[in-house]
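Below: the structure, in structure tokens.
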Amino acid sequence: NPPLHACVSLLQALVSAGNLGAWRGLSASAAAHAASRSQAEDVRVEGSFPVTMLPGDGVGPELMHAVKEVFKAAAVPVEFQEHHLSEVQNMASEEKLEQVLSSMKENKVAIIGKIHTPMEYKGELASYDMRLRRKLDLFANVVHVKSLPGYMTRHNNLDLVIIREQTEGEYSSLEHESARGVIECLKIVTRAKSQRIAKFAFDYATKKGRGKVTAVHKANIMKLGDGLFLQCCEEVAELYPKIKFETMIIDNCCMQLVQNPYQFDVLVMPNLYGNIIDNLAAGLVGGAGVVPGESYSAEYAVFETGARHPFAQAVGRNIANPTAMLLSASNMLRHLNLEYHSSMIADAVKKVIKVGKVRTRDMGGYSTTTDFIKSVIGHLHPHGSSNL
């Protein structure tokens, strides 16, 4: 008979996918239960979810290896379609970008590593990473900054969410030399995109049962640009009377996050401020290795690390911390309605950190990436199996 976890995976995949025909067929046929192991696995692959995987640069491929190993051990019904896009490894071209885009458009869900952007200007202002986000219209970046039980930092029991608009603002790639030695770099702020990110933030707060949204800005200096962003947030806030709304200037926000981060709940902000605050807040709970992130458009969802760093100096040394990527992968499974597998993986990662015996260097330990993966796999417990 097929093992219990294979049956659970199969049933969950069928229910989650809404594959009612297959579901009826399964319930109608007792023979399915008596199928051999190989047949059960074949059906599971048929019922699996295709996900685009983009390992990226630096330790990205090592982190993706961790995800694949853990998914394999947990019998997760996901099939990765791997693509490589890199500006530093000469694996970037219009053709590659189109391949990645068509895969993402078809699958609607992706998990990606950091695609490193070189500093040098080679005739194209927009990086491949930015072009990817723009073409998929991934306007909302969400980083949930949450303390990990068992890992002590300066501030503990933190739980805040940073929502960043990431298709305009300072990242518009509109720069030119207007006169010799004078560069104009345009920051674009539009009413439509400002309202859209504000609405996303308030909808997120409503859905997740959070009580406050803080709009972060610099409207005292950029009176028109940030002024418009702030105005849009204020207008949207009026439509959500049950959620408390506050505003804060970006420089004060940085200081407040370090001094008293507990005052914050959901923060919404334009592009560059969001990038900076994501990293600052990640540092409060343990750094780039432990904070997951995700980006959304109306149609697509991309899962990644919260603070995007290639960590190039760690490449091939087996020291990268897979926590952030594994938690992000768990969030991806929740997005796919695979609650069972999502909880199993997230719980295993948190258990490893809480026990504290296996810690990578960034968390003050001496364990390797491989040690961490093995420990997570060792802590994978089937959820709800006792009830079956």
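When a residue number appears, it is its place in the shown sequence, counting from 1.
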Note to self: Would you compute the distance between atom CD of Glu304 and atom NZ of Lys114 and round it to the nearest 0.5 angstrom?
What the structure shows: 9.5 Å

Check: Is it true that atom CG of Leu239 has more than 12 heavy atoms of other residues, nucleotides or ligands lying nearer than 6.0 Å?
Finding: yes

Next item on the list: Without swapping roles, check the side chain of Ser102 against the backbone of Gln99 for a donor-acceptor pair under 3.5 Å.
Entry: yes

Notebook entry, point to check: When the ring centroid of His335 is compared with that of Phe303, is the distance short of 6.0 Å?
Noted result: yes

Next item on the list: Verify whether one side chain among Tyr240 and Asp203 offers a donor that lies under 3.5 Å from an acceptor in the other.
Entry: yes

Next item on the list: For the pair Phe202 and Phe245, name the ring-plane relationship: parallel under 30°, tilted 30 to 60°, perpendicular over 60°.
Entry: tilted

Next item on the list: Would you please say whether a donor-acceptor pair under 3.5 Å links the side chains of Thr368 and Asp371?
Entry: yes

Margin query: Name the residue from Val352, Ile353, Asp347 that meets the side-chain contact (heavy atoms from CB on, under 4.5 Å) definition with Val349.
Written below: Ile353

Next item on the list: Hey, could you give me the NZ/NZ distance between Lys105 and Lys135, rounded to the nearest 0.5 Å?
Entry: 7.5 Å

Notebook entry, point to check: Taking a hydrophobic cluster as the set of Ile, Leu, Val, Met, Phe, Trp and Tyr residues connected by side-chain heavy atoms closer than 4.5 Å, whether directly or through intermediates, do Leu280 and Val142 fall within one such cluster?
Noted result: yes

Next item on the list: Determine whether the side chains of Asp251 and Tyr273 contain a donor N or O and an acceptor N or O closer than 3.5 Å.
Entry: no

Side-chain polar contacts of residues 151-159 - donor-acceptor pairs under 3.5 angstrom, sequence neighbours left out - could you list them?
| from | atom 1 | to | atom 2 | distance (Å) |
| --- | --- | --- | --- | --- |
| Thr153 | OG1 | His155 | O | 2.7 |
| Thr153 | OG1 | Leu284 | O | 3.2 |
| His155 | NE2 | Val258 | O | 2.8 |
| Asn156 | OD1 | Thr153 | N | 3.0 |
| Asn156 | ND2 | Thr153 | O | 3.1 |
| Asp159 | OD1 | His144 | NE2 | 2.6 |
| Asp159 | OD1 | Arg210 | NH2 | 2.5 |
| Asp159 | OD2 | Arg210 | NH2 | 3.4 |

Next item on the list: Return yes if a side-chain donor-acceptor contact under 3.5 Å exists between Ser328 and Glu294, otherwise no.
Entry: no

Item checked: Members sharing Tyr171's hydrophobic cluster (side chains within less than 4.5 Å) -> Met130, Leu272, Ile276

Item checked: Any side-chain donor near an acceptor of the partner, Ser297 and Arg133, under 3.5 Å -> no

Notebook entry, point to check: Counting only heavy atoms not in Lys374, do more than 12 sit closer than 6.0 Å to its NZ atom?
Noted result: no

Margin query: For the SG atom of Cys232 and the CD1 atom of Ile197, what is their distance to the nearest 0.5 Å?
Written below: 12.0 Å

Notebook entry, point to check: When you check the side-chain N and O atoms of Thr360 and Ser367, is any donor under 3.5 Å from an acceptor?
Noted result: no

Check: Can Glu106 and Lys108 be counted as an ion pair, charged N to O under 4.0 angstrom?
Finding: no

Notebook entry, point to check: Can you list every pair that meets side-chain hydrogen bond (donor to acceptor under 3.5 Å, both in side chains) and has a residue in residues 63-75, with sequence neighbours left out?
Noted result: Lys68-Glu82

Next item on the list: Rounded to the nearest 0.5 Å, what's the gap from OG on Ser127 to NE2 on His116? Could you check?
Entry: 10.5 Å

Notebook entry, point to check: Roughly how far, to the nearest 0.5 Å, is the CD1 atom of Ile249 from the CD atom of Gln256?
Noted result: 11.5 Å

Check: Any luck finding a side-chain donor-acceptor pair between Glu165 and Thr167 under 3.5 Å?
Finding: yes

Notebook entry, point to check: Salt bridge between Glu168 and Arg134, side-chain N to carboxylate O under 4.0 Å?
Noted result: no

